[in-house]
Asker: 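Dropping a structure here in structure tokens format, bear with me for questions.
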Amino acid sequence: MHPGLAAGLVFGGCCSNVVFLELLVREFPGCGNLVTFAQFFFIAVEGFIFEANFGRKRPVIPIKYYFIMVAMFFTVSVVNNYALNLNISMPLHMIFRSGSLIANMALGIIILKKRYTVSKYASIALVSLGIFICTFMSAKQVSSTSSTSKEEEEESLSAFLWWLLGIAALTFALLMSARMGIFQETLYKKFGKHSKEALYYNHALPIPGFLLLAPDIYKQAVLFNQSELFQVPVLGLSLPIMWFYLIMNVITQYVCIRGVFILTTECTSLTVTLVVTLRKFVSLIFSILYFRNSFTAWHWVGTLLVFVGTLIYTEVWNSLGATLEQKGKADEKKQE
């Protein structure tokens with residue numbers, strides 16, 4: 001597949017996924033577990049058929065390593081989705097998760113004893129400052145509710161405490177995700193890259209774990225059934241609109257993940273990182289403008305710092321400079 005088409009899948013799938021996720025959590029903020037289960041189940045079934053060949057194909061990487069990876073992956077997915085139920089807005093959620101560079105660098109230094117260039121440290125400083133600004137401004141918005149009674153003051157304090165718990169949950173998920181990335185890196189060095197296989201097992205093995213969340217998943221499913229009916233275009237079928245949003249969220253999530261997988265096989269890691277970063281930026285802007293989320297000038301400053309820092313981290317400027325230099329030399333040769 002052409003890399004441009006793969007990039008189109010990433011932008012189309014991931015950006016659409018954010019839209020349907022926000023439509024879901026705006027109506028039912030506690031539906032994170034149901035959404036996560038639906039995504040995992042769909043990808044697991046697809047992988048069981050096309051990757052595992054109905055269980056007949058043995059994994060290249062020993063299954064015991066996948067169990068460790070899955071424990072991390074399952075925890076990160078559940079915690080990230082549950083954070084939306086703790087007074088965490090979608091823009092802040094996306095910006096905070098952009099701090100994966102910080103967590104990856106920190107754990108890389110501690111665990112893998114890596115050393116980085118000055119530009120890498122500078123980029124991390126920008127990302128850290130951007131996240132701090134956005135987090136601080138969101139904290140002011142949560143805690144600045146005017147109170148006219150003791151009861152309202154207590155509600156405001158309760159909202160702020162839940163927000164702090166949401167920030168703690170996002171921080172934990174960020175560090176756990178970075179640790180999982182390092183674990184995957186060591187596995188790929190030892191056994192080779194098998195991203196599609198890892199995608200299947202990361203989604204199939206956690207399925208039994210959702211039994212622990214069954215009561216909440218069932219509760220949200222009942223609420224979904226009670227939503228207004230929606231007629232699906234072309235098909236002419238009628239179903240509760242929340243189920244339509246969920247189906248579209250699952251499909252777009254699969255398209256997003258598959259697009260990233262194709263990019264990793266067709267392009268360099270620099271290109272993949274740049275595409276994913278730009279996708280996050282487009283998703284963020286769309287979420288703010290379309291859903292009219294509260295976003296101040298300071299939030300924009302923080303967002304700019306986060307994404308400029310990310311671009312510096314990927315060394316896109318050096319790559320662009322090298323490309324222009326090569327083009328200039330080629331033009332000089334043509335003139336000669």
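The analysis underlying the following values was restricted to heavy atoms, covering all of them including side chains, and did not include hydrogens, waters or symmetry mates.
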Asker: In Å and rounded to the nearest 0.5 Å, what is the CZ to CD1 distance from Arg179 to Ile110?
Answerer: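 Reported value, rounded in 0.5 Å steps: 11.0 Å.
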Asker: Distance alone, cut at 3.5 Å: any donor-acceptor contact between the side chains of Gln220 and Asn33?
Answerer: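 Judged by distance alone, the side chains do not pair up.
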Asker: Roughly how far apart are Cys256 SG and Phe11 CZ, rounded to 0.5 Å?
Answerer: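 The distance works out to 11.0 Å.
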Asker: Are Tyr200 and Ile43 side-chain neighbours, meaning at least one heavy-atom pair lies under 4.5 Å?
Answerer: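 The answer is no; the side chains never approach within 4.5 Å.
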Asker: Looking at every non-hydrogen atom in both residues, tell me the closest pair between Asn202 and Pro206 and how far apart they are.
Answerer: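 Closest pair (atom of Asn202, atom of Pro206, distance): O-CG, 3.0 Å.
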Asker: When you measure from the side chain of Asn249 to the backbone N and O of Tyr245, does any donor-acceptor pair fall under 3.5 Å?
Answerer: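 Flag not set: sc Asn249 to bb Tyr245 has no pair under 3.5 Å.
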Asker: Same cluster for Leu165 and Val25 if Ile/Leu/Val/Met/Phe/Trp/Tyr side chains link at under 4.5 Å?
Answerer: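 No, Leu165 does not connect to Val25 through the hydrophobic network.
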Asker: Walk me through whether Leu187 and Met69 qualify under side-chain contact (heavy atoms from CB on, under 4.5 Å).
Answerer: CA-CA 10 Å; Leu187 286 182; Met69 194 187 304; 3.3 Å; yes
Asker: Should Pro240 and Phe230 count as side-chain neighbours, where that means a heavy-atom distance under 4.5 Å?
Answerer: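 Side chain of Pro240 against side chain of Phe230, heavy atoms only: no contact under 4.5 Å found.
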Asker: Indicate whether any N or O donor in one side chain lies under 3.5 Å from an N or O acceptor in the other, for Glu197 and Tyr66.
Answerer: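 Short answer, yes.
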Asker: Can you tell me if Ser177 uses its side chain to pair, donor with acceptor, with the backbone of Leu174 under 3.5 Å?
Answerer: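 Here the side-chain-to-backbone pair does not exist.
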Asker: Transitively linked via ILVMFWY side-chain contacts under 4.5 Å: Trp162 with Phe160?
Answerer: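 Shared cluster, no.
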Asker: Could you state the interatomic distance from CZ (Phe28) to CG (Leu24), rounded to the nearest 0.5 Å?
Answerer: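 If we round to the nearest 0.5 Å, Phe28:CZ and Leu24:CG are 9.5 Å apart.
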Asker: Just say parallel, tilted or perpendicular for the rings of Phe37 and Phe210, cut-offs at 30° and 60°.
Answerer: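 The arrangement is perpendicular - the two ring planes meet at more than 60°.
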Asker: Can you name the nearest heavy-atom pair linking Ala173 to Val79, along with the distance?
Answerer: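 Heavy atoms of Ala173 and Val79 come nearest at CB-CG1, 3.9 Å.
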Asker: Would you please test Tyr201 and Ile63 for side-chain contact (heavy atoms from CB on, under 4.5 Å) and show each step?
Answerer: CA-CA 9 Å; Tyr201 282 102; Ile63 197 70; 3.5 Å; yes
Asker: Under 4.5 Å between side-chain heavy atoms, hopping through other hydrophobics if needed: is there a path connecting Leu212 to Ile207?
Answerer: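 No, because Leu212 and Ile207 fall into different hydrophobic clusters, even though each may have its own neighbours under 4.5 Å.
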Asker: Under 4.5 Å between any side-chain heavy atoms of Gln253 and Phe40, yes or no?
Answerer: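 No, every pair of side-chain atoms sits at 4.5 Å or beyond.
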Asker: Do Trp163 and Tyr82 share a hydrophobic cluster (ILVMFWY, side-chain heavy atoms under 4.5 Å, transitive)?
Answerer: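 As far as the 4.5 Å side-chain criterion goes, Tyr82 and Trp163 are not connected within one cluster.
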Asker: Would you indicate whether Phe41, at its atom CZ, is surrounded by more than 12 heavy atoms from other residues, nucleotides or ligands within a distance under 6.0 Å?
Answerer: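 No, the 6.0 Å shell around CZ holds no more than 12 heavy atoms from other groups.
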Asker: Under 6.0 Å from the CZ atom of Phe191, do we count more than 12 heavy atoms belonging to anything else shown?
Answerer: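 More than 12 heavy atoms, drawn from other residues, nucleotides or ligands, come within 6.0 Å of this atom.
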Asker: Under a 4.5 Å cut-off applied to non-hydrogen side-chain atoms, are Ile251 and Phe20 in contact?
Answerer: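 Answer no - side chains too far apart.
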Asker: Can you tell me how far CE of Met72 sits from CZ of Phe67, rounded to the nearest 0.5 angstrom?
Answerer: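 Separation between the atoms: 14.5 Å.
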Asker: Please assess Leu199 against Glu46 for the test side-chain contact (heavy atoms from CB on, under 4.5 Å), listing each intermediate value before the final yes or no.
Answerer: CA-CA 11 Å; Leu199 177 66; Glu46 188 274 341; 5.8 Å; no
Asker: How are the rings of Tyr254 and Phe42 set to each other: parallel, tilted or perpendicular (split at 30° and 60°)?
Answerer: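 Ring orientation of Tyr254 relative to Phe42: perpendicular.
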Asker: Measuring from atom CG of Asn80 to atom CE of Met176, what distance do you get when rounded to the nearest 0.5 angstrom?
Answerer: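 Rounded to the nearest 0.5 Å, the CG-CE separation comes to 11.5 Å.
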Asker: Kindly indicate whether the side chain of Leu239, heavy atoms from C-beta on, has any atom under 4.5 Å from the side chain of Leu229.
Answerer: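 A side-chain contact is absent here, since even the closest heavy-atom pair is not under 4.5 Å.
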Asker: Mind checking salt bridge (Lys or Arg N to Asp or Glu O under 4.0 Å) for Glu51 and listing every partner two or more places apart, or none if nothing turns up?
Answerer: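 So Glu51 forms a salt bridge (Lys or Arg N to Asp or Glu O under 4.0 Å) with Lys57.
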Asker: Do you know the tightest heavy-atom contact between Ala83 and Leu170?
Answerer: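 Taking every non-hydrogen atom into account, CB-CD2, 3.7 Å.
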Asker: Any side-chain heavy atom of Glu27 sitting closer than 4.5 Å to one from Leu223?
Answerer: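 Side-chain contact under 4.5 Å: no.
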Asker: Counting only N and O atoms by type, is there a donor-acceptor contact under 3.5 Å from the side chain of Ser227 to the main-chain atoms of Phe224?
Answerer: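 Yes, the answer is positive, given that a donor and an acceptor are paired below the 3.5 Å cut-off.
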Asker: At what distance, to the nearest 0.5 angstrom, does CG of Asp216 lie from NZ of Lys219?
Answerer: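 That separation rounds to 7.0 Å.
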Asker: Is there a path of hydrophobic side-chain contacts, each under 4.5 Å between heavy atoms of I, L, V, M, F, W or Y residues, that connects Leu237 with Leu246?
Answerer: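 Result: yes, single cluster for both.
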Asker: Taking all non-hydrogen atoms of both residues into account, name the closest pair between Arg115 and Ile109 and its distance.
Answerer: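 Nearest heavy atoms, Arg115 then Ile109: NH1-CG2, 3.9 Å.
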Asker: For a side-chain contact (heavy atoms from CB on, under 4.5 Å) check, start with the C-alpha distance between Asn17 and Val255, then their side-chain angles and the critical distance, and finish with the verdict.
Answerer: CA-CA 9 Å; Asn17 180 258; Val255 172; over 6 Å; no
Asker: Donor-acceptor check, side chain of Thr75 to backbone of Ala71, threshold 3.5 angstrom: yes or no?
Answerer: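 Such a contact is found between Thr75 side chain and Ala71 backbone.
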Asker: Is Leu9 close to Arg258 at the side-chain level, that is, under 4.5 Å between some pair of heavy atoms?
Answerer: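 Not touching, per the 4.5 Å side-chain cut-off.
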